[in-house]
2 protein chains.
Amino acid sequence: MAKSKTARTALTGQRLTAQRRLLFDLLRKGKGHPDVDELYRQAKQLDPRISLSTVYRNLRLFKKLGLVEELHLEEEHHHYESRPTTEHYHLVCRGCGQVVEFRSPHVDKLKQEVGQEHRYAILGADVSLVGYCPRCQANRQKV
Amino acid sequence: MAKSKTARTALTGQRLTAQRRLLFDLLRKGKGHPDVDELYRQAKQLDPRISLSTVYRNLRLFKKLGLVEELHLEEEHHHYESRPTTEHYHLVCRGCGQVVEFRSPHVDKLKQEVGQEHRYAILGADVSLVGYCPRCQANRQKV
DNA sequence: CTAAGTGCAAAGTATTTGCAATTGG
DNA sequence: CCAATTGCAAATACTTTGCACTTAG
């Protein structure tokens with residue numbers, strides 16, 4: 001029964017306000033990849049007084065502490081997800097927007113080889129594959 | 001002396017205005033990965049009356065026509081580059097912002113395997129590696 | 001107690017749009 | 001000629017910030 005990191009231990013050094021814990025928990029327990037507005041919406045249902053600024057401020061903090069990952073999908077704004085135990089990547093459907101997570105040893109190879117070749121110290125990789133999911137492929141046939 | 005695609009042939013169906021050709025040529029011939037403001041700045045030097053809206057509108061068009069690639073580097077706004085003959089990826093220094101282009105067969109493998117596994121029709125991959133370049137690694141030692 | 005955090009409104013940045021004037025084909 | 005495109009200004013979308021009030025530690 002491995003207990004997931006609690007807000008208390010993850011946020012050492014920072015004050016554990018009600019809003020902060022709420023946002024942290026939503027990101028931890030939520031399944032998707034919410035954008036700021038979606039997270040704000042969810043948070044408001046549990047604490048109607050929370051402000052959008054607080055959401056932005058805490059996302060920035062979580063990101064700085066390495067607790068969340070900021071995703072640059074195909075859209076204008078960002079999406080966020082609680083940092084996974086292992087780095088993973090995203091497969092995005094251009095038709096319906098569905099996001100599938102995947103992992104692959106090819107990316108490790110890539111980081112190793114490219115880092116070596118250019119003598120970079122690699123910190124991480126941001127990989128998004130774009131395509132059409134099975135359902136959207138089928139729908140496109142019809143048109 | 002292979003001539004690169006001209007604005008005329010690339011933009012068939014669209015009107016070839018002076019502004020459009022100017023922007024197209026800047027992206028084609030320019031070496032970097034300009035963001036909107038940088039491109040606007042360059043364009044204004046050659047046509048002081050060009051408007052920022054026109055830059056935005058044409059970037060959107062070029063993107064739709066597949067003539068430029070929109071890069072999601074680590075920043076808030078986007079960067080653009082003329083679409084290369086072969087898909088490539090970016091290695092970004094978190095210290096100085098330098099961008100190195102690279103290609104790798106590992107990404108093809110990745111597309112093939114992940115596409116197959118999830119039955120997606122893959123259109124493309126957006127890959128950014130982040131790290132510190134040799135120079136920034138050296139500078140960090142000192143601190 | 002007091003520095004860190006919050007809510008709110010206002011400001012700042014990035015991008016899009018309505019519209020009258022211009023222009024490529 | 002006339003629909004597409006432009007410049008401009010205004011609108012929208014996204015994010016940050018100043019400040020007075022609140023609160024965790």
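Labels below follow one simple rule: chain letters A, B, ... track the order of the sequence lines, proteins then strands, and each chain is numbered from 1. Here the structure is a predicted model, which is why all the values come from computation and not from measurement.
- The nearest whole Å value for the distance from the OH atom in B:Y40 to the P atom in D:dT6 is 14 Å.
- Put simply, A:R60 has a side-chain N or O that comes within less than 4.0 Å of OP1 or OP2 on D:dT17.
- Sequence order on DNA chain D of the closest nucleotides to B:S53 and B:T17 puts B:T17 first from the 5' end.
- In the model, B:H118 has no side-chain atom that pairs as donor or acceptor with a side-chain atom of A:Q98 under 3.5 Å.
- A:H33 and A:E101 share a side-chain donor-acceptor pair at under 3.5 Å.
- Residue A:N58 places its side chain closer to C:dT6 than to any other of D:dT5, D:dT17, C:dT6.
- What separates NE2 of A:H72 from P of C:dA14 is a distance of 14 Å, to the nearest Å.
- Remark on DNA chain D: of its neighbouring residues A:R57 and A:D37, the 5'-side contact belongs to A:D37, judged by nearest-heavy-atom nucleotide.
- As a whole-Å value, the separation of A:L59 CG from D:dT17 C1' is 17 Å.
- Of the candidate nucleotides C:dT15, D:dT15, D:dG25, D:dG25 has the atom nearest to the side chain of A:R8.
- Rounding to whole angstrom units, CD of residue A:E38 and C1' of D:dT15 are separated by 18 Å.
- Comparing D:dG7, D:dC2, D:dT15 by their closest approach to the side chain of A:Y56 singles out D:dT15.
- Nucleotide C:dT13 holds its C1' atom 14 Å from the NE2 atom of B:H78, rounded to whole Å.
- The phosphate of C:dT23 (OP1 or OP2) has no side-chain N or O of B:Q19 nearer than 4.0 angstrom.
- Although no hydrogens or angles enter the test, the distance criterion places no donor-acceptor pair under 3.5 Å between the side chain of B:E69 and the main chain of B:E81.
- Counted within 6.0 Å of CZ on A:R41, heavy atoms from surrounding residues, nucleotides or ligands total more than 12; the atom is thus considered enclosed.
- Per the geometry, CZ belonging to B:R49 stands 11 Å off P belonging to D:dA9, to the nearest Å.
- Backbone-only contact: B:R20 has heavy atoms under 4.0 Å from sugar-phosphate atoms and none from a base.
- As a whole-Å value, the separation of B:D35 CG from C:dA14 P is 8 Å.
- For the pair B:L61 CG and C:dT17 P, the computed distance is 14 Å after rounding to whole Å.
- Minimum atom distance to the side chain of A:H77 is reached by D:dC14, of the listed D:dC14, D:dA3, C:dG5.
- Comparing C:dA3, D:dT15, D:dC8 by their nearest atom to the side chain of A:R15 picks out C:dA3.
- Residue-to-nucleotide proximity on DNA chain C shows that, of A:S51 and B:L16, the 5′-proximal contact is made by A:S51.
- Between the side chains of A:Q112 and A:Q116, not a single donor N or O lies within less than 3.5 Å of an accepting N or O.
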